[in-house]
K.L.:
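Quick one: structure below, then a few questions.
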Amino acid sequence: MQLETKRMWLRSWREADYQDMYEYAKDPRVGPQAGWPVHDSAEESRETVRSFMQEKKDLVLALELKENGKVIGSLGLEPRDEDAGLPEELQGREIGYVLSRDYWGRGLMPEAVKAVIDYCFQELSFDYLTCGHFDRNDRSRRVVEKSGFRFLKNVVTPTARGVDEPGKMYVLYNPMKPIDKEKQPCLN
């Protein structure tokens, strides 16, 4: 699986990517913003990459910068969030992402998210996608809003760090698949 944007390849993980992952995953400003702990070693990043490679049920893509071949983050699709309150007959996933601190503020994550939205709606024919952020993560909030998602509800999410984080959940419906308005939760 590989998607292309103007500046990146979104592709399957390779074991050799663990060094690039460790470079951003050891930064205390990165992982905790996404709800996971800082990586303490390159071996921890290697194991994470291996788990991405072995888990075929859902999609986790490496974000490779075309200009230098460096992996600068990841973007994944998780199973539908039951807390979203969306009708069971609708098919969708939740988008999650992380980006190296060195590449914040360049519009790279909205670019990657748009490519995945297009893939999910055009190729996979999903009815919707959800995306969320912790209340303290304004950068992620801006990515969500730039990507066209609309506020759905306030949530509290247990994280891999053992902390319950307050946040917001958003939804984006597939514009090519009209959905009965009665099946769409009220959008603010």
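In this text the structure is predicted, and so the values were computed from the model without any measurement.
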K.L.:
Using 4.0 Å as the upper bound for N to carboxylate O, is an ion pair formed by Glu23 and Lys70?
P.N.:
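Yes.
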K.L.:
Assess whether a salt bridge exists between Arg136 and Glu165, defined as any Lys/Arg side-chain N lying under 4.0 Å from an Asp/Glu carboxylate O.
P.N.:
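Result for this pair is yes, salt bridge flagged.
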K.L.:
Any side-chain heavy-atom pair from His133 and Gln33 closer than 4.5 angstrom?
P.N.:
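No, side chains not in contact.
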K.L.:
Roughly how far, to the nearest 0.5 Å, is OG1 of Thr157 from CG of Asp135?
P.N.:
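It is 9.5 Å, given to the nearest 0.5 Å.
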K.L.:
Taking the side chain from Lys26 and the backbone from Ser41, do they hold a donor-acceptor pair closer than 3.5 Å?
P.N.:
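No.
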K.L.:
To the nearest 0.5 angstrom, please state how far the CE atom of Met176 sits from the CG atom of Asp127.
P.N.:
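Rounded to the nearest 0.5 Å, the CE-CG separation comes out at 11.0 Å.
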K.L.:
Could you report the tightest heavy-atom contact between Gly73 and Trp13, atom names first, then the distance?
P.N.:
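Heavy atoms only, the tightest pair is O-CZ2, 3.8 Å.
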K.L.:
May I ask you to decide whether Arg46 forms a salt bridge with Glu15, counting only side-chain N to carboxylate O separations under 4.0 Å?
P.N.:
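Result for this pair is yes, salt bridge flagged.
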K.L.:
Ignoring hydrogens and geometry, is there a side-chain-to-backbone donor-acceptor pair from Glu123 to Tyr119 under 3.5 Å?
P.N.:
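No, Glu123 side chain to Tyr119 backbone: no donor-acceptor pair under 3.5 Å.
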K.L.:
Can you name the nearest heavy-atom pair linking Leu3 to Ala115, along with the distance?
P.N.:
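Heavy-atom minimum between the residues: CD1-O, 3.9 Å.
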K.L.:
Hey, does Arg11 have a side-chain heavy atom less than 4.5 Å from the side chain of Val71?
P.N.:
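A side-chain contact exists here, since the closest heavy-atom pair is under 4.5 Å.
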K.L.:
For the CG atom of Leu63 and the CG atom of Leu61, what is their distance to the nearest 0.5 Å?
P.N.:
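Those atoms lie 7.5 Å apart.
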K.L.:
Less than 4.0 Å between a side-chain N and a carboxylate O, is that true for Arg14 and Asp17?
P.N.:
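No salt bridge links Asp17 with Arg14.
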K.L.:
Heavy-atom distance under 4.5 Å between the side chains of Cys131 and Tyr97, does that happen here?
P.N.:
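In contact.
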K.L.:
Taking NZ in Lys114 as the centre, count heavy atoms belonging to other residues, nucleotides or ligands within less than 6.0 Å. Is the count above 12?
P.N.:
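No, not enclosed.
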K.L.:
Is there a path of hydrophobic side-chain contacts, each under 4.5 Å between heavy atoms of I, L, V, M, F, W or Y residues, that connects Tyr22 with Val30?
P.N.:
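As far as the 4.5 Å side-chain criterion goes, Val30 and Tyr22 are not connected within one cluster.
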K.L.:
Can you find a pair of side-chain heavy atoms, one from Phe121 and one from Leu129, that are under 4.5 Å apart?
P.N.:
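A side-chain contact exists here, since the closest heavy-atom pair is under 4.5 Å.
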K.L.:
I'd like to check Asp102 versus Ile72 (side-chain heavy atoms, cut-off strictly below 4.5 Å). Are they in contact?
P.N.:
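No, every pair of side-chain atoms sits at 4.5 Å or beyond.
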K.L.:
Hydrogens and angles aside, do Glu94 and Thr130 bring a side-chain donor and acceptor to less than 3.5 Å of each other?
P.N.:
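No pair is found: no donor N or O on one side chain lies under 3.5 Å from an acceptor on the other.
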K.L.:
If you measure from CG on Asn174 to SG on Cys120, what distance do you get to the nearest 0.5 Å?
P.N.:
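Answer for the CG-SG pair, Asn174 versus Cys120, is 9.5 Å.
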K.L.:
Any donor-acceptor pair under 3.5 Å linking the side-chain atoms of Tyr18 with those of Thr48?
P.N.:
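No, because no side-chain N or O of Thr48 sits under 3.5 Å from a partner of the opposite role on Tyr18.
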K.L.:
Are Asp27 and Val38 packed together at the side-chain level, in the sense that at least one heavy-atom pair is separated by less than 4.5 angstrom?
P.N.:
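Result no, sub-4.5 Å side-chain heavy-atom pair not found.
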K.L.:
Please answer whether the main-chain N or O of Gly107 pairs with a side-chain N or O of Arg7 as donor and acceptor at a distance below 3.5 Å.
P.N.:
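Side chain of Arg7 to backbone of Gly107, a donor-acceptor pair under 3.5 Å: yes, one is there.
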K.L.:
Looking at CZ of Phe149 and OH of Tyr170, how far apart are the two atoms once the value is rounded to the nearest 0.5 Å?
P.N.:
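Interatomic distance, Phe149 CZ to Tyr170 OH, rounded to 0.5 Å: 11.0 Å.
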K.L.:
Can you find a heavy atom in the side chain of Ile95 that is under 4.5 Å from one in the side chain of Ile117?
P.N.:
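Yes; the side chains approach each other to less than 4.5 Å.
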K.L.:
Under a 4.5 Å cut-off applied to non-hydrogen side-chain atoms, are Arg50 and Glu47 in contact?
P.N.:
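Yes. Closest side-chain heavy atoms under 4.5 Å.
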K.L.:
Assess whether a salt bridge exists between Glu4 and Lys66, defined as any Lys/Arg side-chain N lying under 4.0 Å from an Asp/Glu carboxylate O.
P.N.:
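Between Lys66 and Glu4 there is a salt bridge, with a charged N closer than 4.0 Å to a carboxylate O.
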